[in-house]
Amino acid sequence: MRRLFRSPSPRMLLIVSGLAFGVLASLLVRWGNPANMGFCAACFLRDITGALGLHRAEVVQYIRPEILGLVLGSFTAAFAFKEFRTRGGSAPLVRFFLGALMMIGALVFLGCPVRALLRLAGGDLNGITALGGLVSGAFLGILFLRRGFNLGRSAKMPALAGWLFPAFMVVLLLFAIFTPYFILSSGSGTGSLHAALWISLAIGLGVGFLAQRTRMCFVGGWRDLMLIRDMHLFSIIAAFFVGALVTNLILGQIDHWGFVGQPISHDEHLWNFFGMALLGLAATLLGGCPLRQLILSGQGDTDAAMTVFGMIAGAAVAHNFGLAASAKGVTTFGAWTVGIGLAVVLVIGFLMKERRAS
Amino acid sequence: MIEVDARGFSCPVPVVKTKEAIDNNPKAPLTVLVESEVSKENVSRLARSRGYSVMVERVEDGFRLLLSPSFK
């Protein structure tokens with residue numbers, strides 16, 4: 001077992017992990033999660049933000065155990081393979097803002113890169129527009145990386161700092177189990193649709209463990225394909241899509257193919273494209289998609305944890321200020337914010353460069 | 001010998017820096033310093049795909065990778 005996870009060229013492990021994740025994501029819909037949303041790092045963090053009362057959109061409030069599982073699964077894998085290392089100090093505030101903008105982009109499209117694939121695998125062709133935007137954003141990010149963009153070096157920190165984020169997840173898990181009065185939970189709408197707590201948690205844990213071992217990243221796969229013509233991470237994405245698509249076909253979970261009338265989706269192509277372009281660009285500068293940031297947070301990377309808190313703040317802002325889209329479409333403020341967000345990330349991309357050592 | 005110090009940088013910066021060094025110094029041996037297991041794997045994969053042989057040496061807080069071009 002240990003050897004399988006440690007083998008130097010674990011292409012097989014990547015493909016099996018991707019397939020398993022895709023199958024499980026579709027099964028989660030069968031078991032109660034919202035349609036085409038078996039798994040979504042952005043939507044689920046947004047639901048947690050709502051459950052904590054940080055935004056007031058009553059239909060999207062629920063402590064999604066998948067997220068807690070992801071982080072704790074990564075934490076377990078990192079410990080088992082001696083990869084837990086507490087680090088931090090690589091432009092935390094910039095990461096916080098990039099995380100927030102990444103979330104706003106996701107909530108204009110209504111999904112993270114994982115859900116973009118799940119939507120496509122469920123018949124929602126808006127997934128194609130979104131992937132087009134995502135890849136364009138990642139391409140732009142690569143241009144900045146080639147110019148020498150980076151967020152600076154991180155430094156070693158006392159172990160306690162790395163434990164804080166997983167500990168926060170344990171607290172959320174206790175909230176999810178004991179549902180104290182201050183934790184909100186949707187009575188109707190997307191937030192009310194969920195699989196049983198232990199199923200969601202178990203799948204989250206498993207996916208978190210595999211994602212830590214395989215370095216799974218739903219932006220990194222596209223990035224490496226373009227940057228170094230490497231299929232390594234992309235093979236996970238491809239396997240994930242195949243796994244989800246085949247499972248949806250078998251379970252009859254594809255209602256119809258098309259752009260219109262898809263679950264938790266709108267067909268404003270321009271904003272689906274630019275929302276995900278914003279996410280793709282920010283994620284490339286950050287070095288990982290929303291899911292990857294959660295995995296890194298579980299293995300002691302406090303900069304990634306700052307990014308996740310940025311995403312939580314982004315979700316709160318998106319719903320409190322009416323930026324988030326809905327099945328009805330994009331809001332005016334949402335569209336404006338994507339434009340402004342892209343401008344802000346471009347400025348960050350231009351200005352954050354390493355100074356030459358004198 | 002050309003040395004790339006990518007310690008402390010997160011993915012994908014070590015790969016970008018190594019790629020730049022390879023492109024600027026074709027067929028020269030390189031040393032790359034990285035900190036994490038992930039960076040070690042990524043840089044090694046890039047180097048092998050470009051026809052370099054990779055030797056990994058464990059050093060204090062990280063790895064030193066010796067990339068030598070193999071001529072065939």
Side-chain angles (χ1 to χ4, degrees), chain A residues 6 8-11 78 81-85 87-91 95 138 141-156 212-215 217 219-220 223-224 226-233 283-288 292-293 295-296 299-301 303-304 307 352 354 357, chain B residues 1-70:
Chain A
R6 213 170 235 176
S9 177
R11 181 57 64 90
F81 292 89
K82 300 192 172 63
E83 286 184 4
F84 187 89
R85 310 174 81 227
R87 310 204 47 91
S90 164
R95 287 178 192 268
I142 290 172
L143 297 183
F144 284 118
L145 288 170
R146 285 201 178 129
R147 281 182 82 240
F149 169 89
N150 66 63
L151 290 168
R153 292 175 205 263
S154 63
K156 227 183 247 173
Q212 199 280 337
R213 294 317 302 150
T214 56
R215 325 322 188 181
C217 179
V219 169
R223 177 200 64 213
D224 286 356
M226 293 186 278
L227 179 68
I228 50 175
R229 314 209 187 293
D230 181 52
M231 289 282 291
H232 189 80
L233 286 177
T284 305
L285 299 186
L286 283 164
R292 180 76 183 143
Q293 300 297 337
I295 298 301
L296 290 171
Q299 56 182 66
D301 185 338
D303 291 324
T307 311
M352 293 291 291
E354 197 180 10
Chain B
M1 174 121 76
I2 298 136
E3 188 175 90
V4 179
D5 184 358
R7 283 175 300 180
F9 285 116
S10 54
C11 167
V13 176
V15 172
V16 175
K17 284 179 175 291
T18 308
K19 182 174 179 286
E20 197 182 61
I22 288 178
D23 291 344
N24 291 341
N25 311 278
K27 296 179 181 168
L30 304 170
T31 314
V32 184
L33 290 169
V34 295
E35 229 168 65
S36 69
E37 191 80 27
V38 179
S39 300
K40 183 197 81 179
E41 290 164 12
N42 291 344
V43 171
S44 305
R45 206 167 55 244
L46 169 75
R48 289 203 188 91
S49 77
R50 299 290 157 104
Y52 285 73
S53 66
V54 182
M55 265 179 46
V56 181
E57 192 188 335
R58 249 213 125 88
V59 291
E60 200 192 343
D61 52 79
F63 306 90
R64 174 181 282 127
L65 310 178
L66 292 166
L67 316 186
S68 359
S70 37

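Order of the sequence lines sets the chain letters (A, B, ...), proteins ahead of strands, with each chain counted from 1. The shown structure was predicted, so the numbers you read here are calculated from the model rather than taken from an experiment.
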field: Interface moiety of B:Asp5 toward chain A, non-hydrogen atoms closer than 4.5 Å
entry: both
- prompt: Given B:Met1 and B:Leu66, is the side chain to side chain contact (heavy atoms under 4.5 Å, CB included) satisfied, shown in steps?
  reply: CA-CA 10 Å; B:Met1 174 121 76; B:Leu66 292 166; 4.0 Å; yes
- prompt: Where does B:Glu41 contact chain A at under 4.5 Å (heavy atoms): side chain, backbone, both or neither?
  reply: side chain
- request: Could you tell me whether the side chain of B:Phe63 reaches within less than 4.5 Å of the side chain of B:Val43, counting heavy atoms only?
  value: no
message: So for A:Arg223, is it side chain, backbone, both, or neither that comes closer than 4.5 Å to the heavy atoms of chain B?
response: side chain
Engaged part of A:Ser90 at the chain B interface, taking heavy atoms whose separation is under 4.5 Å: neither
Derivation and outcome, side chain to side chain contact (heavy atoms under 4.5 Å, CB included), residues A:Gln212 and A:Glu83: CA-CA 10 Å; A:Gln212 199 280 337; A:Glu83 286 184 4; 3.0 Å; yes
message: Rounded to the nearest 0.5 Å, what separates atom CD1 in A:Ile142 from atom CG in A:Asp224?
response: 8.0 Å
- request: List the steps and the verdict of side chain to side chain contact (heavy atoms under 4.5 Å, CB included) for B:Ser10 and A:Arg95.
  value: CA-CA 12 Å; B:Ser10 54; A:Arg95 287 178 192 268; 3.7 Å; yes
task: Could you check which of B:Val15, B:Asn42, B:Asp61 has the highest count of heavy-atom pairs closer than 4.5 Å to chain A?
output: B:Asp61
